[in-house]
Amino acid sequence: MKTKDVLKKSGLDRETLRFYEKKGLLPKLTRTDSGYRVYPLETISRLSFIRTAKDAGFTLREIKELIDLKGRRVSCRTGRDMAIVKLLELDIKMMALKDMKKTLRNFVNACESKGEKGLDRPCHLSFDTITHN
């Protein structure tokens, strides 16, 4: 497949495609006699895998690891363990986001506690009086 075909089918731009090549996320390419890149047919499925893994929160380094695991034909356990780590990281981030939301909600409530009159006063932008529940 030519570069333009890969770009059209994958929805990526040329810069991202080259970046993935440089990071080793795509298989080694062959070139035509005139120097054009020729991509193997599995490139589109590889790019789809990369997009899905990115959507799941994996870094490009981790995606490269996952790709290498597949190439070495290791057991599913290793990939599963990587996914479990991502799930745990996500749980931690979600708890932090809940705490952030609670703090912001408390701040808004403090601003609105005196109704319109309270909103018309000069803003103090103070989080020091907000309690953490």
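Ile44 and Tyr36 fall into different hydrophobic clusters, where Ile, Leu, Val, Met, Phe, Trp and Tyr side chains are chained together by heavy-atom contacts under 4.5 Å. Under the 4.5 Å side-chain heavy-atom criterion for grouping Ile, Leu, Val, Met, Phe, Trp and Tyr, Leu29 is connected to Met1 within one hydrophobic cluster. Transitive grouping of hydrophobic side chains (ILVMFWY, heavy atoms separated by less than 4.5 Å) keeps Leu17 and Val38 in distinct clusters. Val85 and Leu87 are assigned to two separate hydrophobic clusters, defined by single-linkage of ILVMFWY side chains at heavy-atom distances under 4.5 Å.
Separation of atoms CG (Leu25) and OG1 (Thr16) is listed at 11.5 Å; rounding is to 0.5 Å. We find the CG-CD1 distance between Leu97 and Ile92 to be 12.0 Å, quoted to the nearest 0.5 Å. Distance check: Lys2 NZ to Arg37 CZ gives 14.5 Å after rounding to the nearest 0.5 Å. Taking CD1 from Ile84 and CZ from Arg77, the interatomic distance works out to 9.5 Å, rounded to the nearest 0.5 Å. Summarising the geometry, atom SG belonging to Cys111 is positioned 11.0 Å from atom CG belonging to Asn106; distances are rounded to the nearest 0.5 Å.
For Leu88, the CG atom counts as densely surrounded, since its 6.0 Å shell holds more than 12 non-hydrogen atoms of other residues, nucleotides or ligands. Atom CZ of Arg31 has more than 12 heavy atoms from other residues, nucleotides or ligands within 6.0 Å.
For Arg18 and Glu21, the salt-bridge test passes: some basic side-chain N is under 4.0 Å from an acidic carboxylate O. Of the charged side-chain nitrogens involved, at least one lies within less than 4.0 Å of a carboxylate oxygen, so that Asp68 and Lys64 count as a salt-bridged pair.
Under the side chain to side chain donor-acceptor pair (under 3.5 Å) criterion, Ser34 pairs with Thr32, sequence neighbours left out. By the side chain to side chain donor-acceptor pair (under 3.5 Å) test, Thr59 pairs with Glu62, sequence neighbours left out.
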Quiz item: Run the side chain to side chain contact (heavy atoms under 4.5 Å, CB included) check on Arg105 and Val108 step by step: do they pass?
Solution: CA-CA 5 Å; Arg105 177 58 51 210; Val108 168; 3.7 Å; yes

Quiz prompt | Working for salt bridge (charged side-chain N to carboxylate O under 4.0 Å, His left out), residues Arg61 and Glu65 | solution = CA-CA 6 Å; Arg61 183 184 54 75; Glu65 269 183 70; 3.0 Å; yes

Exercise. Evaluate the side chain to side chain contact (heavy atoms under 4.5 Å, CB included) criterion for residues Leu47 and Leu26: first the C-alpha distance (whole Å), next the side-chain angles of each, then the deciding distance (0.1 Å), finally the verdict.
Key: CA-CA 8 Å; Leu47 291 170; Leu26 297 176; 3.8 Å; yes

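For the pair Thr78 and Asp81, the minimum side-chain heavy-atom distance is 4.5 Å or more. With contacts defined as side-chain heavy-atom distances shorter than 4.5 Å, the pair Met82/Leu69 qualifies. Under the 4.5 Å side-chain criterion, counting only non-hydrogen atoms from C-beta, Arg46 is not in contact with Tyr20. At least one side-chain heavy atom of Phe49 sits under 4.5 Å from a side-chain heavy atom of Ile67.
As a member of the Ile/Leu/Val/Met/Phe/Trp/Tyr network built from side-chain separations under 4.5 Å, Met94 groups with Leu90.
Closest heavy-atom contact between Leu66 and Gly79: CD2-CA, 4.2 Å. In plain terms, the two heavy atoms of Val6 and Thr43 that are nearest each other are CG1-CG2, 4.1 Å.
Without hydrogens or angle criteria, Arg14 side chain to Thr3 main chain gives no donor-acceptor distance under 3.5 Å.
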